[in-house]
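Report on the structure given below.
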Amino acid sequence: MLRFAQTLDRQLGAALERAFPEAAAAAIAAGRRLDPQLAAASKPEFGDFQANGALALAKSLKQAPRQIATALLAELEADPAFAALCLPPQIAGPGFLNLTLRPEVLAAELRRRLGDARLGVPLVEGQSAAARPPVIVDFSSPNIAKEMHVGHLRSTIIGDALARVLEFRGHPVLRLNHVGDWGTQFGMLITHLKQVAPEALSTADAVDLGDLVAFYRQAKQRFDADEVFQATAREEVVKLQSGDPVSRRAWQLLCDQSRREFEQIYGRLDIRLSERGESFYNPYLAAVVADLEAAGLLVVDAGAKCVFLEGMQGKDGNPLPVIVQKSDGGFNYATTDLAAIRYRFAAPPAGDGASWVIYVTDAGQAHHFAGVFQVARRAGWIPEGARVEHVPFGLVQGDDGKKLKTRSGDTVRLKDLLDEAVERCEADLRRRLAEEERQEDESFITQVATTVGLAAVKYADLSTNRITNYQFSFDRMLALQGNTAPYLLYAVVRIAGIARKGGDLGGGAAAAFPDLLQYSEPQEWTLVRELLKLDTVIAEVEQELLPNRLCSYLFELSQVFNRFYDQVPVLKAEPAARASRLALCRLTADTLKLGLGLLGIATLERM
RNA sequence: GGGGCUGUAGCUCAGCCGGAUAGAGCGACGGUUUCCUAAACCGUAGGUCGUGGGUUCGAGUCCCGCCAGCCCCGCCA
């Protein structure tokens with residue numbers, strides 16, 4: 001619908017200018033234009049689009065809205081290009097102009113998409129993909145020596161979905177895993193291990209990740225309680241950061257251990273990610289401080305080197321600092337984030353040369369990023385026209401509305417969460433098979449349970465607006481009805497069923513379908529219109545970085561399809577109708593597969 | 001104390017640049033199966049959009065105040 005919207009906006013704008021030449025000239029002189037305010041129709045009975053401009057213009061034109069709409073209508077009807085696109089428009093309510101695309105225009109657009117692997121979604125304009133500067137999506141970012149938990153789940157899934165959408169649009173995307181592999185935590189952990197389990201620091205696989213997590217917890221407790229330990233740990237950090245070989249070796253072992261565990265999760269979730277941890281930026285930390293010093297932004301306060309923020313105040317009304325070098329000479333996470341931003345925007349080969357950097361982290365870090373972005377901007381590290389943004393998300397909560405925990409009060413391990421989703425799916429599937437007296441082999445059951453279980457977890461996370469906290473519930477996400485992954489997957493399965501029963505879906509080519517598609521039923525037209533919205537929705541997701549918009553669309557498409565499937569026969573229809581309906585099935589399946597694919601969700605032929 | 005986010009049906013959530021009578025799903029109640037997988041479909045009930053002002057032809061949406069919940073606020077990340 002994007003193409004139509006653009007064309008109509010132009011035609012309506014021109015019609016307004018013809019109807020009100022003086023007002024149009026005045027608007028243009030003021031650097032504006034008479035805006036027809038074209039929008040998607042708010043209800044199906046209003047057609048495809050509505051123009052709200054007449055209401056807004058009433059005051060400045062000193063005319064009644066309906067009068068303006070009438071004048072606009074007259075100009076539009078005189079435009080043959082418009083008449084070829086739309087049925088005669090209707091003036092409705094206080095002065096809305098309702099526009100309905102001609103059926104043959106819709107059918108032709110649908111036909112066009114049957115032969116298009118991109119289903120009508122355009123590539124970004126501009127240079128070829130190879131010449132374009134990269135977009136960096138920074139997501140997932142677990143910590144070494146800790147297990148991944150639900151918090152990482154959100155970042156991982158949302159980041160992956162956004163990266164997939166941007167890639168599909170033709171952006172070269174650099175997916176970066178900014179793992180926490182540096183800093184005070186390692187000082188703590190290495191100091192503790194040296195004392196209680198030195199073998200873990202010299203021998204690969206001497207301890208597994210579970211042990212490491214326990215050691216980490218003990219180390220943290222000692223760090224918080226014991227000043228002597230704290231001092232030793234800080235010294236250990238300095239040793240590590242200055243490249244002491246023993247510390248380096250210990251650190252490397254710890255990282256390898258954790259990395260293997262992370263890779264398993266990413267593999268299961270089908271997520272591709274380039275690891276570039278905090279340690280990567282270690283060589284650049286001193287330069288960050290030097291740059292800030294040279295730019296005159298550094299202030300030493302209580303022994304720490306700080307940049308004070310403009311427009312952000314702390315407790316006593318004083319400006320908030322971003323500390324870039326601690327009083328003990330060490331660097332902290334803000335320094336690392338500044339080094340990262342500096343490197344990512346710097347021109348190659350000294351950096352990534354990015355044009356857009358997206359950080360997918362929890363909303364609690366909003367202040368931190370606002371501060372870091374401001375410092376980076378004032379230091380001149382963000383080029384003109386480049387974009388840098390924090391894409392925040394809310395907490396994962398339990399049924400009690402508090403941060404999700406296990407019954408014993410621990411954080412929920414991601415691995416356990418995924419296992420449980422798949423197990424629950426499998427149990428449900430086995431029960432269903434028994435009820436329906438279906439026989440399926442074990443590999444089918446495993447495949448379906450795995451696909452549906454992981455799809456459910458991902459979809460539940462992606463389908464709410466990311467900024468709000470969301471309540472985690474296996475029962476809801478695995479429900480077979482409603483706005484859930486199983487419901488969407490089932491729609492794909494139904495279409496696969498039609499193909500199995502002899503429906504020719506064209507096998508990837510458009511040639512199987514007639515040039516003139518013909519529809520008569522309202523359910524068919526509703527489905528046609530829904531299918532044609534894909535390009536608009538993708539553009540919106542890219543603009544707003546909100547995957548839930550894509551989820552809503554896919555859910556609505558599935559609902560519309562299920563109504564069609566229920567009420568309109570396909571295989572038993574007479575030949576002309578049958579071919580046109582098969583085209584709808586084919587495009588629905590393609591759209592669902594593409595859309596779910598962009599969410600990182602795999603589909604099934606049977607379930 | 002300062003700042004951020006959130007508050008919409010019993011529950012979980014949508015709601016796009018301010019547009020027409022506020023939308024889903026679940027749950028509740030009532031229906032639909034000689035037909036492409038009923039993991040579906042159809043219908044009914046359910047709302048003072050936290051609250052009080054303001055801006056506007058028009059406010060769930062924008063502005064201000066207040067209330068409630070969550071989060072952040074100097075050397076952890």
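Values below: every heavy atom of this structure, side chains too, minus hydrogens, waters and symmetry copies. Please read these numbers as outputs of a predicted model, since none were measured by experiment.
- On the C1' atoms, B/C11 is 26 Å away from B/U21, given to the nearest whole Å.
- Mapping A/S463 and A/H368 onto RNA chain B by nearest heavy atom places A/S463 closer to the 5' end of the strand.
- Here the two rings, on A/H368 and A/Y333, have centers that are under 6.0 Å apart.
- Straight-line distance between the P atoms of B/C72 and B/U56: roughly 40 Å, to the nearest whole Å.
- A/E540 comes within 4.0 angstrom of a nucleotide base, judged by non-hydrogen atoms across all strands.
- If you check every strand for non-hydrogen atoms under 4.0 Å, A/N548 touches sugar and phosphate atoms only.
- Between A/F46 and B/A20, a base-stacking contact is recorded: ring centres under 5.5 Å apart, planes less than 30° from parallel.
- Across all strands, A/R578 comes closer than 4.0 Å to no nucleic acid atom at all (heavy-atom distances).
- Helical stems in RNA chain B, defined as runs of 3 or more consecutive Watson-Crick or G-U wobble pairs with both donor-acceptor distances under 3.5 Å, are listed by first residue as B:1-7 with B:67-73, B:10-13 with B:23-26, B:28-32 with B:40-44, B:50-54 with B:62-66.
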Protein and nucleotides 54-58 of chain B: nitrogen or oxygen contacts under 3.5 angstrom:
unit_1: B/C57; atom_1: OP1; unit_2: A/K59; atom_2: NZ; d: 2.1

Please step through side chain to side chain contact (heavy atoms under 4.5 Å, CB included) for the pair A/T411 and A/V150, ending with a clear verdict.
CA-CA 8 Å; A/T411 53; A/V150 279; over 6 Å; no
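- Between the C1' atoms of B/C73 and B/C17, the separation comes to 34 Å (whole Å).
- Checked for salt-bridge contact, A/R33 and A/D9 meet the test: a charged N lies under 4.0 Å from a carboxylate O.
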A/D428 vs A/R424, salt bridge (charged side-chain N to carboxylate O under 4.0 Å, His left out): CA-CA, chis, key distance, verdict
CA-CA 6 Å; A/D428 192 70; A/R424 283 178 181 236; over 6 Å; no
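- For B/C64, the glycosidic angle deviates from 0 by more than 90°, giving an anti base.
- Using modelled atom types, one finds a donor on one side chain and an acceptor on the other under 3.5 Å when comparing A/N483 with A/Y459.
- For the OP1/OP2 pair of B/C41 and a distance below 4.0 Å, the side-chain nitrogens and oxygens of A/Y487 include at least one atom meeting the criterion.
- Checking A/L395 against A/F96, the closest nucleotide of RNA chain B that is more toward the 5' end is the one next to A/F96.
- Residues A/F369 and A/Y359 place their aromatic rings such that the two centres sit under 6.0 Å apart.
- Among B/C36, B/C13, B/A40, the nucleotide with an atom closest to any side-chain atom of A/Y470 is B/C13.
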